[in-house]
Amino acid sequence: MPAQITVHVAGSERSVDAGTTYADLFEGDRAVLVARVDGELRDLHLEAGDGEAVEPVTAAEQDGLEVLRHSAAHVLAQAVQQLRPDARLGIGPPVRDGFYYDFDVDEPFTPEDLKALEKAMQRIVNEGQTFRRREVSDADAQVELSGEPYKIELIGLKGGGADDAAEGAAVEVGGSQLTIYDNVRRDGSVAWGDLCRGPHVPSTKVLGNAFKLMRSAAAYWRGSEKNPQLQRVYGTAWPSKDELKAYLDRLAEAEKRDHRRLGAELDLFSFPEVLGAGLPVFHPKGGVVKREMEDYVRQRHIEEGFSYVGSPHISREELFYTSGHLPYYADGMFPPMDVDGQNYRLKAMNCPIHNLIYRSRGRSYRDLPMRLFEFGTVYRDEKSGVLSGLTRVRMITQDDSHSYVTKEDAPGEVRHLLDFVLSLLRDFGLDDYYLELSTRDDSKPDKFIGSDEQWDEATRILEDVATASGLELVPDPGGAAYYGPKISVQARDAIGRTWQMSTIQYDFNQPERFGLEYQAADGSRQQPVMIHSAKFGSIERFVGVLVEHYAGAFPPWLSPVQALGIPVADEFAPYLEDVVGEALRAEGLRYEVDTSDDRFPKKIRTASKSKVPFVLIAGEDDRSAGAVSFRFRDGSQKNGVPLDEAVAEIAAAVRDKRQV
RNA sequence: GCUGGCGUGGCGCAACCGGUAGCGCACCUGUCUUGUAAACAGGGGGUUGGGGGUUCGAGUCCCCCCGCCAGCUCCA
């Protein structure tokens, strides 16, 4: 007679036979993928224990979704080893929106291979293989997996924080007890097995047809450039076909917003091949967006107590030895050029030159805080493989400022800067963001200068201000610059992607290296603290972010063309040109009239595609009434608006920086 | 930088196993055109990213550069 045990299932107490599995507890509910037992995820086929609190976990919650995706990774691995028996297994964790699995294969995967793998996966899914957990000793695992050198390596690393060994490694060897998961066919035969911590979904059937292989690419084993490259296959998996489709639709939407595509379509900017990689040029229309933005940002800086300064793009190399950029970050700088027998460098940072402005005369405590600001264009020799549109370029125009303050005033200045950058982001329609605190990597002391005390103090000041802001704060260990820690603002755009925008860096190093000082009230000489801050980080990147955020439909104040006149017939062009044009231009609005010999519907279409915020139509009715008809971007209309009202409406939208 | 894929008129694409480059949009010209996403006709424009090679013949095959895309690594 089986003994009875007591379990708490989803909050209610039940008495069941010993030997009852978690699957039995949730019998009939196929949405349940795993059980959460006293807070820990377990496979459904395991037996429940006396006194356990058991919760059902479905793909509706993050834990369940990750299990689903990790199981999909196993199915992929099985398919790969079916089609490519030479493939050795790396790591296969779930990731945002999907999963990947790394393989060591003789030949990289082709797009055709991915199609074939997807088919093989579907067959495995349709077979309805079950995942069965089996505990193994380290020694047995070494024997069983002798053909899998990467797995053996992971076994050797388990214990002390497997995720330190390689991102995602915890899903393979996360616990102290090694386990292997066997995929078992309906006839009981074992189809495949993999070292894995688990848990897994009960059956491959759960995956249905809601998965897809996305791409393959190389990835360094355990994330290090020094290690061999494995072939990583990325896939996505969802609880249902509909959710898969919704995800693919989201990707398609992102592609439509891609600033590289819109930049060409809207004639904003380009990357001429002869210029070289990562060097953008702004066309007249993109130039308007850039200039409007810069004008506004410059004005706001001046209002906030910054002085607008200017500095050259190149300098004698010596300057960057003083600042510490050479040799600390020589890799990121372009090689020197010889001028009159001396080495010059394109600057990679503006701060050294601002320091020279500070140092150009004696400073008093009465001069502080001294805030220098400019749009400083710097050049960085980014590796070719990382360049991407406007978001990663070799020419970076920073809206860069340096505040020189007394040590006592530093926390207040950091707070001031953070408030300032956040208010600027809001003005540009970005109101969804979080903060990141980048600190020193204690294991690489040679990459950072300054004493422990200095770093601790600087980090604490930044952390205090960031915490006080009430915004979400994410740690970024090891992400600091060599001269000090930083707060960065990560902004989410209209479709949820995040971009590093503003940075605020606390620097106690450069003032010392440059011998900066001021005379205090007591007559002593003191060293100021300098605080670096870029509000949008890079103007180029920010233009790209704006294009994507607005999907090219800029708010009127940023729009290259704010209003476009379309005559119903040629006869009304002069009215739009002269009468309407004069009124709009008197308000300083950017206005054009479509005088091409296209017919009316074609002009509407052209205007639509150009995403002009205000289309002004005029025919006989409008002209005789001294009015225009509005056509907005959504296709809606407002007919017969008296001209002065029309101008006032457009001017107000521009002035208020309102989206329409 | 690494791995893989890709590079055809301004843009988006086509050209079977190598046979000597075509379509749409845009552009130019003409005719037409009074109300909301494409009037019609004609025309110009490419030494197929660059350079070498194989071949009777290369957009198609090989090598080296350059650039683009994805991922990895990196991002002061």
Side-chain angles (χ1 to χ4, degrees), chain A residues 100 102 105 107-111 113 167 214-234 258 260-261 264-265 267 270-279 320 323-326 328-333 347-352 378 380-389 391-394 396 398 438 447-448 479-484 486 488 500 503 505 507 510 532 534 537-538 541 566-572 596-610 615 617-623 629-632 635-637 639:
Chain A
Y100 67 78
D102 288 342
V105 282
E107 293 294 322
F109 299 105
T110 64
D113 290 336
E167 191 184 340
M214 305 301 285
R215 62 179 72 89
S216 72
Y220 297 106
W221 168 239
R222 295 177 58 205
S224 169
E225 249 179 325
K226 295 181 185 70
N227 288 336
Q229 288 197 327
L230 306 182
Q231 292 299 314
R232 174 172 297 179
V233 177
Y234 281 91
D258 191 318
R260 294 167 297 192
R261 171 197 179 116
E265 276 176 14
D267 197 15
S270 61
F271 299 85
E273 207 178 309
V274 279
L275 266 180
L279 299 170
F320 302 111
S323 70
H325 291 98
L326 292 173
Y328 274 90
Y329 284 99
D331 281 354
M333 296 185 72
K347 68 175 170 181
M349 289 291 276
N350 300 303
C351 38
V378 299
R380 297 180 184 177
D381 188 8
E382 304 277 7
K383 290 179 187 173
S384 61
V386 307
L387 300 172
S388 176
T391 53
R392 200 72 187 271
V393 288
R394 286 178 170 151
I396 304 162
Q398 298 178 312
S438 300
K447 278 190 74 180
F448 304 91
Y482 68 89
Y483 50 74
K486 76 177 174 198
S488 62
Q500 177 175 312
T503 57
Q505 293 173 272
D507 186 353
Q510 287 199 52
H532 308 238
S538 144
R541 170 183 290 183
I566 300 184
V568 166
D570 280 352
E571 186 192 335
F572 308 103
S596 70
D597 58 3
D598 288 332
R599 284 143 91 126
F600 185 66
K602 180 62 183 294
K603 290 185 179 184
I604 295 290
R605 177 184 156 85
T606 306
S608 261
K609 289 178 62 168
S610 74
V615 172
I617 294 165
E620 186 52 53
D621 296 348
D622 303 286
R623 181 173 62 179
S629 293
F630 279 84
R631 185 183 199 277
F632 300 100
S636 66
Q637 303 251 143
N639 293 332

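These numbers were taken from a predicted model, which means no experiment stands behind them. Hydrogens, waters and symmetry mates play no part in the numbers below; they use all other heavy atoms, side chains included. Throughout, a chain's letter reflects where its sequence line sits, starting with A, and its residues are numbered from 1.
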- [ ] Please give the nucleotide sitting opposite B/G30 as a Watson-Crick or G-U wobble pair, both distances under 3.5 Å, or none.
- [x] B/C40
- [ ] Look at the side chain of A/S384 against the base of B/G67 and say whether a donor-acceptor pair falls under 3.5 Å; ignore hydrogens and angles.
- [x] no
Open item on the list: For A/L279 versus A/P272, what's the shortest heavy-atom pair and its separation?
Closed with: O-CD, 4.2 Å
- [ ] Might you point out which heavy atoms bring A/A481 and A/F448 nearest each other, and give the distance in Å?
- [x] O-CD2, 3.5 Å
Task: Nucleotide nearest A/A217 when distance is taken to its side chain, options B/A70, B/U34, B/U36 - done: B/A70
Open item on the list: B/A38, OP1 or OP2 - any side-chain N/O from A/R599 closer than 4.0 Å?
Closed with: no
- [ ] Examine B/G4: is either OP1 or OP2 under 4.0 Å from a nitrogen or oxygen in the side chain of A/S216? Give yes or no.
- [x] no
- [ ] Report the base-pairing partner of B/G59 (Watson-Crick or G-U wobble, both distances below 3.5 angstrom), or none.
- [x] none
TODO: With heavy atoms under 4.0 Å as the rule, sort A/K486 into base, sugar-phosphate or nothing.
DONE: sugar-phosphate
- [ ] Compare the minimum distances between each of B/C72, B/A70, B/U34 and the side chain of A/R215, then state the nucleotide with the smallest one.
- [x] B/A70
Open item on the list: Suppose you measure atom C1' in B/C23 against the same atom in B/A15; what distance do you get, rounded to whole Å?
Closed with: 11 Å
Task: G-U wobble or Watson-Crick pairing nucleotide for B/A14 (cut-off 3.5 Å, both distances) - done: none
Open item on the list: Does A/R392 contact B/C75 through a side-chain donor or acceptor facing the base, at a distance under 3.5 Å?
Closed with: yes
Task: Closest to the A/Q229 side chain, choosing from B/A37, B/U31, B/C72 - done: B/C72
Task: Contact summary for A/G278 and A/V393, nearest pair of heavy atoms - done: O-CB, 3.3 Å
Open item on the list: Using a 4.0 Å heavy-atom cut-off, does A/D622 contact any base of the nucleic acid, only the sugar-phosphate backbone, or nothing at all?
Closed with: base
Please write out the pairs of protein N or O atoms and N or O atoms of nucleotides 24-28 of chain B separated by less than 3.5 Å, giving the distance to one decimal.
unit_1	atom_1	unit_2	atom_2	d
B/A26	OP1	A/K602	NZ	2.6

TODO: Using the C1' atom on both, measure B/U36 against B/C28 and round to a whole Å.
DONE: 28 Å
Open item on the list: By the 4.0 Å heavy-atom rule, please label A/A277 as base, sugar-phosphate, or nothing.
Closed with: sugar-phosphate
Task: Closest nucleotide among B/G71, B/G1, B/A38 to the A/P601 side chain - done: B/A38
Open item on the list: Mind checking if A/A218 touches a base, just sugar-phosphate, or nothing, with heavy atoms under 4.0 Å?
Closed with: base
Task: N or O in side chain of A/R631 less than 4.0 angstrom from B/A37 OP1/OP2 - done: yes
Open item on the list: Using a 4.0 Å heavy-atom cut-off, does A/D331 contact any base of the nucleic acid, only the sugar-phosphate backbone, or nothing at all?
Closed with: nothing
- [ ] Report which part of the nucleic acid A/G484 touches: base, sugar-phosphate, or nothing (heavy-atom distance under 4.0 Å, all strands).
- [x] nothing
Task: Proximal nucleotide (of B/U33, B/C74, B/G49) relative to the A/D570 side chain - done: B/U33
- [ ] Would you indicate what A/F572 reaches in the nucleic acid, counting non-hydrogen atoms under 4.0 angstrom: base, sugar-phosphate, or nothing?
- [x] base
Task: Geometric cation-pi criterion, A/R232 with A/Y100: 6.0 Å, 45° - done: yes
Task: Inter-nucleotide C1' distance (B/C13, B/C17), Å rounded - done: 23 Å
Task: Nearest-angstrom distance, P atom, B/G51 to B/U47 - done: 11 Å
TODO: In whole angstrom, give me the gap between the P atoms of B/G1 and B/C40.
DONE: 49 Å
Open item on the list: Please check: side-chain N/O of A/R392 versus main-chain N/O of A/L387, any donor-acceptor pairing under 3.5 Å?
Closed with: no
Task: Complementary nucleotide of B/G71, counting Watson-Crick and G-U pairs under 3.5 Å - done: B/C2
TODO: Look at all strands and tell whether A/Y328 reaches a base, only sugar-phosphate, or nothing, counting heavy atoms closer than 4.0 Å.
DONE: nothing
TODO: Would you mind classifying the nucleic acid contact of A/R260 as base, sugar-phosphate or nothing, using non-hydrogen atoms under 4.0 angstrom?
DONE: sugar-phosphate
Open item on the list: Once you apply a heavy-atom cut-off of 4.0 Å, does A/E265 come out as touching a base, just sugar-phosphate, or nothing?
Closed with: nothing
Task: Donor-acceptor pair between A/Q505 and A/D507 side chains, under 3.5 angstrom - done: no
TODO: Kindly say whether, by distance alone, the side chain of A/Y220 makes a donor-acceptor pair under 3.5 Å with the base of B/G71?
DONE: no
TODO: With C1' as the reference atom in both, quote the distance from B/C63 to B/G24 in angstrom, rounded to an integer.
DONE: 36 Å
- [ ] For B/G44 versus B/C2, give the span between their P atoms, rounded off to a whole number of Å.
- [x] 46 Å
TODO: May I ask you to evaluate whether A/Y329 reaches the phosphate of B/C74, defined as a side-chain N or O under 4.0 Å from OP1 or OP2?
DONE: no
- [ ] For the residue pair A/Y329 and A/Y482, categorise the inter-ring angle as parallel (less than 30°), tilted (30 to 60°) or perpendicular (more than 60°).
- [x] tilted
- [ ] Using a heavy-atom cut-off of under 4.0 Å over every strand shown, decide if A/T606 touches base, sugar-phosphate, or nothing.
- [x] nothing
- [ ] Search all heavy atoms of A/L230 against all heavy atoms of A/W221 and return the closest pair with its distance.
- [x] CD1-CE3, 3.5 Å
Open item on the list: By the 4.0 Å heavy-atom rule, please label A/Q500 as base, sugar-phosphate, or nothing.
Closed with: nothing
Open item on the list: Using modelled atom types and a 3.5 Å cut-off, is there a donor and acceptor pairing between side-chain atoms of A/R394 and backbone atoms of A/E382?
Closed with: yes
Open item on the list: Closer than 3.5 angstrom, by distance alone: can the side chain of A/K603 be matched with the main-chain N or O of A/S596 as a donor-acceptor pair?
Closed with: yes
